[in-house]
Structure formats: C-alpha cells, structure tokens
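Encoded as structure tokens, the structure appears first; notes follow it.
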Amino acid sequence: LGPDHPQTITSMNNFGVVLQEMGQLDLARKHLQTAYSARCKLFGQSSVPAMSTAESLAAVLQAQGKFSEADKLPFQGSTQGPRALPLPGRLSPPPPPP
C-alpha cells in the first residue's frame with residue numbers, strides 16, 4: 001500500500017479522529033486535512049468518504065474556534081461546494097453581547 005491507497009487514507013482519517021478525541025486538535029487537523037484532500041482527489045468532493053472527513057475536520061476546526069474555516073467545508077448532500085445549510089450538531093460562534 002502507498003500513501004494514495006484508499007486504506008492508507010482511511011487509516012489517516014481514523015487516526016485524525018482518535019487524535020481529536022484525545023484533544024490533540026492541531027495534529028488531528030493536520031491528518032484530517034490530508035485525508036480530506038486525498039479523498040476529494042480519489043473519490044470526488046461530494047463522495048461519502050470526502051463528506052465524512054469534511055465533517056470530522058469541521059468539528060476539529062470548531063473546537064479550535066475557527067468557525068469561518070469550518071463553514072467553508074461542504075456538507076452531506078451538497079453538490080455546490082461550501083455548505084449552504086448547517087449540519088445538525090454544528091455550532092456557530094455565540095452572538096456578541098448586546
């Protein structure tokens with residue numbers, strides 16, 4: 001298996017999710033971004049594998065407070081690129097106090 005093999009990419013994705021659960025968000029982001037790019041190249045941006053990784057990456061970005069970056073990722077069912085509607089469970093930054 002090589003770096004572009006689907007099983008290698010799946011392992012990279014899974015490792016990113018484990019790192020996220022361990023709270024190692026910078027490393028998780030790095031692995032998930034690499035897996036997302038590879039899955040988009042291999043399967044297409046609107047593929048189920050790419051969408052799954054995009055959701056994991058968005059969760060990491062949100063945990064880091066990078067809401068605008070998370071909002072640029074596509075969502076499941078999108079064929080037009082950046083998400084137009086929020087996914088269930090995704091949070092936006094809190095509104096500023098009055």
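All values reported here derive from a predicted model rather than from experimental measurement.
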Worksheet item: Rounded to the nearest 0.5 Å, how far apart are CG of L57 and NZ of K66?
Response: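 Nearest 0.5 Å value for the CG-NZ distance: 10.5 Å.
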Worksheet item: OG1/T34 to CZ/F15 distance, rounded to the nearest 0.5 angstrom?
Response: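 The CZ atom of F15 is 12.0 Å from OG1 of T34, to the nearest 0.5 Å.
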Practice prompt. Dump the intermediate steps for side chain to side chain contact (heavy atoms under 4.5 Å, CB included) on L73 and Y36, then the final yes or no.
Written response: CA-CA 10 Å; L73 292 168; Y36 176 65; 4.0 Å; yes
Taking all non-hydrogen atoms of both residues, which atom of [X] and which atom of [Y] are closest, and how far apart?
{"X": "A50", "Y": "G44", "answer": "CB-O, 3.5 Å"}
{"X": "A35", "Y": "I9", "answer": "O-CG2, 3.8 Å"}
{"X": "Q62", "Y": "A70", "answer": "CG-CB, 3.7 Å"}

Practice prompt. Return each pair, listed once, that meets side-chain hydrogen bond (donor to acceptor under 3.5 Å, both in side chains) where at least one residue sits in residues 2-11; pairs must be two or more places apart or across chains.
Written response: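 Sorted pair list: T10-R39.
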What side-chain donor-acceptor pairs closer than 3.5 Å can you find for residues 16-33, not counting sequence neighbours?
| from | atom 1 | to | atom 2 | distance (Å) |
| --- | --- | --- | --- | --- |
| D26 | OD1 | Q64 | NE2 | 2.9 |
| R29 | NH2 | E69 | OE1 | 2.6 |
| H31 | ND1 | L27 | O | 3.0 |

